[in-house]
Structures are given as structure tokens and as C-alpha cells.
Protein chains: 2
Amino acid sequence: MGRDKKFTEQDLYAATKKILVKNGYQGFTFSLLAKELQVSRATLYKYYDNKDELITNYMVFEMDSFLEKLKEIDNYQNFEQQFDFLINIIFADSEIHQIRSMAFEIPATNEKVKENNLKLKSQHKDMYEMLQKFVSLGKVNHQLKADLPDPLILGLIFQTVDIPNHFGVPQVEWIASIKEIIRHGMFTKD
Amino acid sequence: MGRDKKFTEQDLYAATKKILVKNGYQGFTFSLLAKELQVSRATLYKYYDNKDELITNYMVFEMDSFLEKLKEIDNYQNFEQQFDFLINIIFADSEIHQIRSMAFEIPATNEKVKENNLKLKSQHKDMYEMLQKFVSLGKVNHQLKADLPDPLILGLIFQTVDIPNHFGVPQVEWIASIKEIIRHGMFTKD
DNA sequence: ATTAAAAATAACACTAGTGTTACTTATTAG
DNA sequence: CTAATAAGTAACACTAGTGTTATTTTTAAT
């Protein structure tokens with residue numbers, strides 16, 4: 001028994017994402033979230049002790065679903081296909097990578113937040129290992145330049161989602177061009 | 001006459017930069033700045049009506065000195081040298097580019113802030129024009145791939161300063177590798 | 001020494017966000 | 001139809017940051 005909830009977990013996460021993208025971690029408040037969900041602020045405190053707990057919870061959720069997708073990279077035989085797949089899933093939901101980068105700002109205000117931070121750390125490790133395998137494959141196959149530092153290869157790929165497209169270049173052209181630069185650079189061959 | 005100032009404009013800008021890098025725009029407060037400069041918070045209000053005025057002022061100052069340096073790009077004859085020069089000045093003070101990206105968060109809280117925002121906008125235009133010239137040179141010389149969108153070329157170059165170097169790859173190797181990727185990509189030639 | 005001016009500050013009122021408590025509303029099993 | 005309970009909320013006390021005013025301190029010219 002008891003009355004019906006006014007919002008689902010989906011609603012909650014969607015609103016959390018929206019506010020994080022728009023306002024950043026420090027600009028995120030329970031007041032804004034309450035308004036977005038059309039509930040009182042006190043209601044939110046029934047579910048989470050503070051915003052850090054909600055946000056880290058949300059991040060763990062997103063990271064989980066990204067890792068789930070990323071696992072499919074092993075379905076692709078050759079390195080070229082894996083590269084294409086990786087870029088595609090990163091750009092399929094580019095905002096969550098922007099959000100993930102806010103993780104380092106979050107103070108461990110209580111036990112649950114600490115747990116979530118640990119979980120995030122372990123998820124990050126899992127992700128890094130999968131990506132490391134991808135880079136290794138590229139290097140042993142002599143398809144990736146051996147002298148480039150692995151963290152730079154991965155860092156640059158993930159950084160490309162944050163390049164602002166102020167002039168509104170069509171998404172398809174934008175991504176194709178990014179792939180081209182990552183593969184063979186901006187310079188011509190002569 | 002009158003008593004001596006407790007800090008110079010240099011001190012002020014150095015402290016502003018430090019806090020902006022560490023805490024971001026929203027985490028920047030006059031309390032933190034006052035503590036950093038060892039003055040009372042009220043003192044700061046003698047110089048600036050609010051933090052937006054100070055921060056935009058500081059940004060105009062930094063942008064000015066960056067533009068001054070950037071102008072030297074014309075001293076270099078060929079495109080390759082210009083490219084090298086550009087990367088070098090960007091990485092010489094990478095933090096200011098991170099700070100510059102905070103500009104869009106700043107609300108125009110008073111007239112002076114509005115003026116500063118206009119000035120920033122015009123500086124940005126100047127910068128873009130110089131960089132546009134650089135890209136054009138590369139394209140007419142057939143040294144830059146003609147089919148890549150100009151804003152992507154520039155956006156990606158500037159984005160590379162924000163790639164986190166968590167594993168502490170030596171700066172020289174890091175930058176050399178970034179140049180290599182931008183020039184000819186991560187992939188080998190076969 | 002006195003005084004005018006610049007610089008600095010303490011202290012106040014105000015605002016926005018936080019977290020908690022006591023109470024109300026909606027739902028359904030019996 | 002009523003009792004149990006899950007869900008929701010209003011209202012309070014608290015904190016951190018903002019912006020202003022009235023006052024004090026330091027300096028140097030007279």
C-alpha cells in the first residue's frame with residue numbers, strides 16, 4: 001500500500017543529467033531538481049542524503065551501461081572495426097563523458113558517497129583495461145604507431161567529444177572528419 | 001598620499017588565476033581570494049563590484065597578452081613553422097585556455113561586465129581571424145587536408161591542451177606526440 | 001604635529017542553498 | 001470504511017556567500 005510515487009528512477013536520472021549538463025556539478029542543486037521533477041525539495045531527501053549521493057549514484061548507473069556497451073568491442077575482429085565502434089559509442093551519448101569528468105570534484109560527504117566513488121574507480125579501471133587491450137591490439141598489429149603513449153591515444157580520443165561545434169557542422173561530417181584526423185592527421189602526405 | 005596597497009595588480013591576477021584553475025568559475029569566491037591575498041573581503045569590493053567584473057577583467061588581460069604573442073605567427077614564413085609556433089604558445093600557458101572556456105558561464109551582472117564581455121568577444125574574433133589565416137595558408141599550400149572543417153581543425157588543436165596527463169608522461173614527449181597525431185594521426189601508413 | 005586622502009576593515013543585513021522534523025495526503029488490504 | 005503505511009510537503013534552523021556602510025589605519029604633504 002501507500003501512495004504512488006510522483007516520478008520514476010528514469011525521470012530522476014533524466015532530470016539529473018539535464019541539470020548536470022546545463023549547470024555543472026557546482027551549479028546542481030536540489031531546488032533545481034525538485035522544480036524539474038515537480039516535487040518538493042524535501043521529497044528528494046527521502047531518497048538521498050545529499051546531492052553527492054544522488055550524483056555519484058547516477059554516475060555509477062551511466063558508467064555501468066557504458067561498460068556494458070563497450071564490452072561488445074570484442075565482437076569485432078579487426079582493429080579498424082573496433083576503432084570505428086569505439087568512436088561511435090562515445091559519440092552516441094557524448095554528454096555522459098562530459099559528466100563523468102565531474103567525478104573528481106565530488107567530495108566524499110558520507111559513507112554511501114565513498115562507496116560510490118570506490119565503485120566508480122573500479123569501473124574506470126575496468127574501462128581502462130578494455131581500452132588498453134584495444135590499444136595493444138592496434139600496436140601489435142602495427143596499425144597504431146608504437147611510439148605514442150597509450151594514455152595520450154585514449155585521452156585524445158575521449159577528448160574529441162568535447163570539441164565545441166559552434167558553427168553547426170553536420171554531425172555526420174563532423175564525426176567522419178574527427179575519425180580521419182585521429183587516423184591519419186590533418187596534414188597531407190607530401 | 002594615502003596608505004600603501006597591500007597587493008599589486010600582478011598579485012591579484014595571479015591569485016585569481018590560481019583559484020579559477022583550482023575551483024572553477026562557480027567555486028571562485030571573494031572569501032577565497034581575500035584569504036589568498038591576505039586582505040579583508042571588503043577590500044576587494046573597493047576595486048570590483050563583484051566577482052564577474054574581476055574575472056572578466058582578468059580574462060581580457062590574459063586574452064590581450066595571448067593575442068600579442070599570437071601575432072608573432074606572421075614572423076614565420078612557412079606553414080609548418082607556424083604550426084609549431086602555435087602549439088608551443090598554446091602549451092606554454094595551457095591553463096589560460098581552460099580558464100577562457102569559463103567565459104560562457106559568466107552572467108552580465110552589470111555594465112562593466114557587459115563591456116568586458118563585448119571586449120572578450122571582439123578579442124575572440126581577432127584570434128579566430130588570425131587562426132583562420134593560418135588554416136587558409138595550410139589549405140592553399142595543400143599542407144592541410146582541404147575537406148576538414150576549419151572549426152574542427154582549430155577546435156581540436158585547442159582541445160589537446162585539456163587532455164589529462166594522469167600518468168605523468170614527460171612534457172616534451174607528450175607535446176611531441178600530440179604534434180605527431182595532429183600532423184599525421186595515430187595510425188601507421190599501411 | 002596636523003591634516004587630507006587613500007586604503008583597509010569590521011560588522012551588518014540579505015540571499016540561496018542545506019538538512020531535519022513534524023505533519024498531511026493518497027493508496028489499498030482487510 | 002478504516003487502519004496501516006508509503007509518499008509527499010511545509011516550515012524551521014543553519015551555513016556560506018554577497019554587497020554595503022560606517023569607521024579605522026596608514027601615509028606624506030604642509
Side-chain angles (χ1 to χ4, degrees), chain A residues 1-16 18-58 102 105-116, chain B residues 1-16 18-58 102 105-116:
Chain A
M1 45 174 91
R3 69 198 274 190
D4 294 346
K5 294 192 178 182
K6 291 182 78 179
F7 58 89
T8 65
E9 194 175 54
Q10 280 221 336
D11 296 336
L12 178 65
Y13 282 165
T16 300
K18 182 174 171 181
I19 296 171
L20 279 179
V21 168
K22 190 170 173 198
N23 300 71
Y25 166 71
Q26 296 189 90
F28 183 103
T29 68
F30 268 14
S31 306
L32 285 171
L33 185 60
K35 192 192 272 183
E36 181 73 28
L37 290 170
Q38 311 211 64
V39 295
S40 79
R41 200 168 51 82
T43 300
L44 299 173
Y45 282 97
K46 292 279 144 126
Y47 295 91
Y48 299 94
D49 285 353
N50 56 42
K51 73 169 182 173
D52 302 311
E53 204 179 302
L54 162 61
I55 292 173
T56 52
N57 244 37
Y58 166 67
M102 298 172 191
E105 298 186 60
I106 304 176
T109 41
N110 71 32
E111 257 333 293
K112 290 181 204 155
V113 178
K114 262 182 214 165
E115 271 175 51
N116 285 338
Chain B
M1 43 173 95
R3 69 196 272 191
D4 294 345
K5 293 194 180 184
K6 290 183 77 179
F7 56 89
T8 66
E9 194 175 55
Q10 278 221 338
D11 295 336
L12 177 65
Y13 282 166
T16 300
K18 181 174 172 180
I19 295 171
L20 279 178
V21 168
K22 190 172 174 195
N23 300 72
Y25 167 70
Q26 296 190 91
F28 183 103
T29 68
F30 268 13
S31 305
L32 286 171
L33 184 61
K35 192 191 274 181
E36 181 72 29
L37 291 170
Q38 310 212 63
V39 294
S40 81
R41 200 168 50 81
T43 299
L44 299 173
Y45 282 96
K46 293 280 145 137
Y47 296 90
Y48 299 94
D49 286 352
N50 57 43
K51 73 170 183 173
D52 301 312
E53 206 179 300
L54 162 61
I55 292 173
T56 53
N57 244 36
Y58 166 68
M102 299 172 190
E105 297 186 60
I106 304 176
T109 41
N110 71 34
E111 257 333 293
K112 291 181 205 155
V113 178
K114 262 181 213 166
E115 271 176 52
N116 285 337

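Lettering of chains follows the sequences in order, A, B, ..., and the numbering in each one begins at 1.
- Nearest nucleotide to the side chain of B:A42, out of C:dT18, C:dA10, D:dT9: C:dA10.
- Following rounding to the nearest Å, A:F30 (CZ) and C:dT20 (P) show an atom-to-atom distance of 11 Å.
- Nucleotide D:dT18 holds its C1' atom 14 Å from the CG atom of B:L32, rounded to whole Å.
- Distance B:K51 NZ to D:dT20 C1': 19 Å, rounded to the nearest Å.
- A donor-acceptor contact under 3.5 angstrom links the side chains of B:E53 and B:N110, judged on distance only.
- Residue whose closest nucleotide on DNA chain D sits further toward the 5' end, between B:G2 and A:K6: A:K6.
- Shown are A:L33, A:I55, A:T56, A:N57; of these, the side-chain contact (heavy atoms from CB on, under 4.5 Å) with A:Y48 is made only by A:N57.
- Across the interface with DNA chain D, nearest-nucleotide mapping of B:T29 and A:F7 shows A:F7 to be the residue nearer the 5′ end.
- A residue-by-residue look at A:T109 and B:Q38 shows that B:Q38 has its nearest nucleotide of DNA chain C further toward the 5' end.
- In this structure A:K18 satisfies the salt bridge (Lys or Arg N to Asp or Glu O under 4.0 Å) test together with A:E36, sequence neighbours excluded.
- Atom CG of A:L54 is separated from atom P of C:dG19 by 12 Å (rounded to the nearest Å).
- The nearest whole Å value for the distance from the OH atom in A:Y48 to the C1' atom in C:dG17 is 20 Å.
- Residues that satisfy the salt bridge (Lys or Arg N to Asp or Glu O under 4.0 Å) test with B:K114, not counting sequence neighbours, are B:E111.
- A:K46 comes within 4.0 angstrom of a nucleotide base, judged by non-hydrogen atoms across all strands.
- Figure legend: A:K51 and A:Y25 shown as a cation-pi pair, the cationic atom lying under 6.0 angstrom from the six-membered ring centre and within 45 degrees of its axis.
- Put simply, CZ on A:R41 is 11 Å from C1' on D:dT9, counting in whole angstrom units.
- OP1 or OP2 of C:dT27 has not a single side-chain nitrogen or oxygen of A:K5 nearer than 4.0 Å.
- Distance CG (A:L44) to P (C:dG17): 14 Å, rounded to an integer number of Å.
- Contact annotation for B:T43: base contact, defined as any heavy-atom pair under 4.0 Å involving a base atom.
- A:F7 and A:Y47 have their aromatic ring centers within a separation under 6.0 angstrom.
- We find that CG of B:D4 is positioned 12 Å from P of D:dA29, with the value rounded to whole Å.
- Put simply, A:Y47 has a side-chain N or O that comes within less than 4.0 Å of OP1 or OP2 on D:dG8.
- Overall, the helix from C:dA1-D:dT30 to C:dG30-D:dC1 carries an axis bend of 10° between its ends, with five pairs at each end and the value rounded to 10°.
- Checking C:dT27, C:dT9, C:dA6 against the side-chain heavy atoms of A:R3 singles out C:dT27 as nearest.
- Minimum heavy-atom separation, B:F28 to B:N23: N-CB, 4.3 Å.
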